[in-house]
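Here the structure comes first, spelled out in structure tokens, and everything after it is commentary.
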2 protein chains.
Amino acid sequence: MSIEEKQKLQRNDRVTIRTVATHAGVSVAAVSKVMRNAYGVSDALRARVTDAIEALAYRPSRAARGLRGRSFTIGVLLIDIRNPFLPEVIAGVNGVLAPSHYQAMIGVSDARVQLETSLIESMIDYKMDGLILVAPRLPSEILAKFAVQIPIVAVGYHDASATAFDTVNADDQRGAEIAVEALLACGYRDIEMLSLGERQGHAVSVVRQREIGFRRAMQRGGLGSSPAIGKIPIASPKREEAMRKFLSRKDRPRAVFCWSDLDAITLLSLAMEMGVRVPEDLAVIGYDNSSTAALGLVNLASIDQSGRELGQVATRALISRIEGRTASEHILQIPSLVSRNSLTRSGNSTDR
Amino acid sequence: MSIEEKQKLQRNDRVTIRTVATHAGVSVAAVSKVMRNAYGVSDALRARVTDAIEALAYRPSRAARGLRGRSFTIGVLLIDIRNPFLPEVIAGVNGVLAPSHYQAMIGVSDARVQLETSLIESMIDYKMDGLILVAPRLPSEILAKFAVQIPIVAVGYHDASATAFDTVNADDQRGAEIAVEALLACGYRDIEMLSLGERQGHAVSVVRQREIGFRRAMQRGGLGSSPAIGKIPIASPKREEAMRKFLSRKDRPRAVFCWSDLDAITLLSLAMEMGVRVPEDLAVIGYDNSSTAALGLVNLASIDQSGRELGQVATRALISRIEGRTASEHILQIPSLVSRNSLTRSGNSTDR
DNA sequence: CGTTATATGGAGAACGTTCTACAACTCGTC
DNA sequence: GACGAGTTGTAGAACGTTCTCCATATAACG
């Protein structure tokens, strides 16, 4: 009997919980208990087991764990990997996770609803312990349906009425207001927003929120009831084309607020090529305060929403949800202005 | 009694292969066979099963799959997520994977060997089908040990003698040579390289390869037997400090080759701030041809290694290895120069 | 009409964990 | 000394697949 078992164990090269149990002279259940530090293990037993684990360099199979219980993995879904804002979020997530026994696995949906769905499903099927969705495209009802199966925290997704999942956001309405207020303070009155084209869909998206904030601040400033919002397509070469068109317009505004640094920086670059001086002819303010914006060469004023902080907060929220919280939380961080030369010539960086 | 209970429990929770089998009136094994399209299923059976799968919206559990057989997931390990070169690789991987039934899960090691090891182990423990490691830090022997357990393709890791795993690279030595040749062709003789500080370790790293290529091209050009290679620390603020120091050096060279656009762009920016004219006072050439380099505002000449293509090639190599290939492959792509104004004032982009 | 080959479908043992019962043992306490 | 109460360890049933036999039905052939 035991000979057969030993032969089996020898043939199979993987060290399993059973190998550890045999080596330590205890039961499989005991080893499991020690690993999950569950109730009811004496110090002596714990020592024997940890010694055996050490000696055999045992690692529990995540696949098997997932089949039965927790997998100690959390999934992160990114809409896109090019926007430099997103790596910041990841850094925040990893920072919080590092000292814990959790690990992050990342999926990239490339803004495609189909892929987004199948990645979320995969993560559920892997029995991951929770999900952080960054700027998901799926409607709230569908997220709610997923949230029944797995704890979910959405970042960059404005739905404070969601009860099934948490949200963590920078206040994008407020951010846009701050941008407009800064432009007004510099004396500009003729202001336009360059927003994201394509049907970025739902009002929950950060872009639509920024549009709302922009409109409100403009109205509050007494600048018309429906201020101009231009749409820039997301993909080259239509994107550059639209920007050139904007820059060469006769009635081009005096100042522009771009939904993202990504667009603002390209705009800055095209402006230079076309001989439009910034900020003398056109003031520009972006969003995200990316590292590129901070370059002296670029010097783009921008709204700072700390992606790293959002990632940290989201991760902490997710863990608390995994550990039992059921009431939903909706966290809003306040963004801030980083003034630079694209706003006004004296606009020294107020970077921390 | 017990049957009813079992049914209830099943209805409570998820749709499993058993639910499908019951619904289609066939055995569990039959469903499994259909899903893996294994030998020995009639058209009639296949139809019944696929109908049931459709009707129940059944998805196999990846956790359970991994426990027994394949998981249809491949793991991608990134050293860092900030370098804009890496998202390109991911895009290539996802592009190839999209039409297949495989999916990618990404882990980020933040250049820490400890984390890198534990992520690789996790991916193995998830029974992923294969791994793509992008610029791993672990020594070759250790990768070889992992490669026994799981198919591995390393990208940005120069070890053409590895037999246990494949490598896919741009020819970094050649890339550096091309950079030097371009600088020589512009008439510059006083050339220095700015490389990456810290112990980026092994000769397998792309950075060291570029140093080798730089040295060789310089010697070939008759410019001394040990040309100058400066080291720039990776982390702020020491990084900027080192660059400023370089820029204000009395014996500053006439031209500089940076190991990465990341550094070259910051250098460009600091040069502007410090009144060093590019290219009149200092010619700069970078590496990666990132999208920022292409901006008119930046206009940085750079060596193009298509990250996307590397990702595609690596993925195809991995799949062929998963499907049975055992002989190792070592693929080398040839990079190319993209000339821009930082190299010489007339240096128009030769972008495709 | 047997006999043998060949398709097709099914039973049931893994896979490596977790976790619920429950057994065994040690103390107090009445 | 009998009986709870508390503590420590174990047996064994899940979890949802894959995959190796095995059984059966059908076809082919002498």
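Because the structure is a prediction, the values reported are computed rather than measured. Reminder, nothing fancy here: chain letters follow the sequence lines and each chain counts from 1.
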Subject >> Residue met sooner reading DNA chain D from 5', once A/V26 and B/R59 are mapped to nucleotides >> reply: A/V26

Subject >> Which nucleotide in C/dT17, C/dA11, D/dT10 has an atom nearest any side-chain atom of A/A30 >> reply: D/dT10

Original post:
Which pair of heavy atoms, one from B/I106 and one from B/M123, lies closest together, and at what distance?
Top reply: C-CE, 4.3 Å

**OP:** Might you confirm whether atom CZ of B/R112 has over 12 heavy atoms from other residues, nucleotides or ligands at distances under 6.0 Å?
**Re:** no

Original post:
Under 4.0 angstrom, heavy atoms only, what part of the nucleic acid is B/K33 near: base, sugar-phosphate, or nothing?
Top reply: base

Original post:
Rounded to whole angstroms, how far apart are CZ on B/R18 and P on D/dA14?
Top reply: 11 Å

Original post:
Taking CE from B/M35 and C1' from D/dG16, how many angstroms apart are they, rounded to a whole number?
Top reply: 10 Å

**OP:** Tell me which nucleotide among D/dG16, D/dT18, C/dC19 gets nearest to the side chain of B/A64.
**Re:** D/dG16

**OP:** Check every atom of C/dG10, C/dT17, D/dT10 against the side chain of A/V28 and return the nucleotide holding the closest atom.
**Re:** C/dT17

Subject >> base_contact_polar (D/dT18 base, B/R68 side chain, donor-acceptor, <3.5 Å) >> reply: yes

Subject >> Plane angle bin for A/Y126 and B/Y126 - parallel if under 30°, tilted between 30 and 60°, otherwise perpendicular >> reply: perpendicular

Subject >> Rounded distance in Å - OH (A/Y126) to P (D/dG16) >> reply: 17 Å

Original post:
For B/F72 and D/dG16, what is the distance between atoms CZ and C1' respectively, to the nearest whole Å?
Top reply: 15 Å

**OP:** Whole angstrom is fine here: how far is it from CZ in B/R62 over to P in D/dT17?
**Re:** 12 Å

**OP:** Would you classify B/S32 as touching base, sugar-phosphate or nothing, given that sugar-phosphate means primed atoms plus P, OP1 and OP2, and contacts are heavy atoms under 4.0 Å?
**Re:** base

Original post:
Is A/R36 touching bases, backbone alone, or none of the nucleic acid, heavy atoms closer than 4.0 Å?
Top reply: base

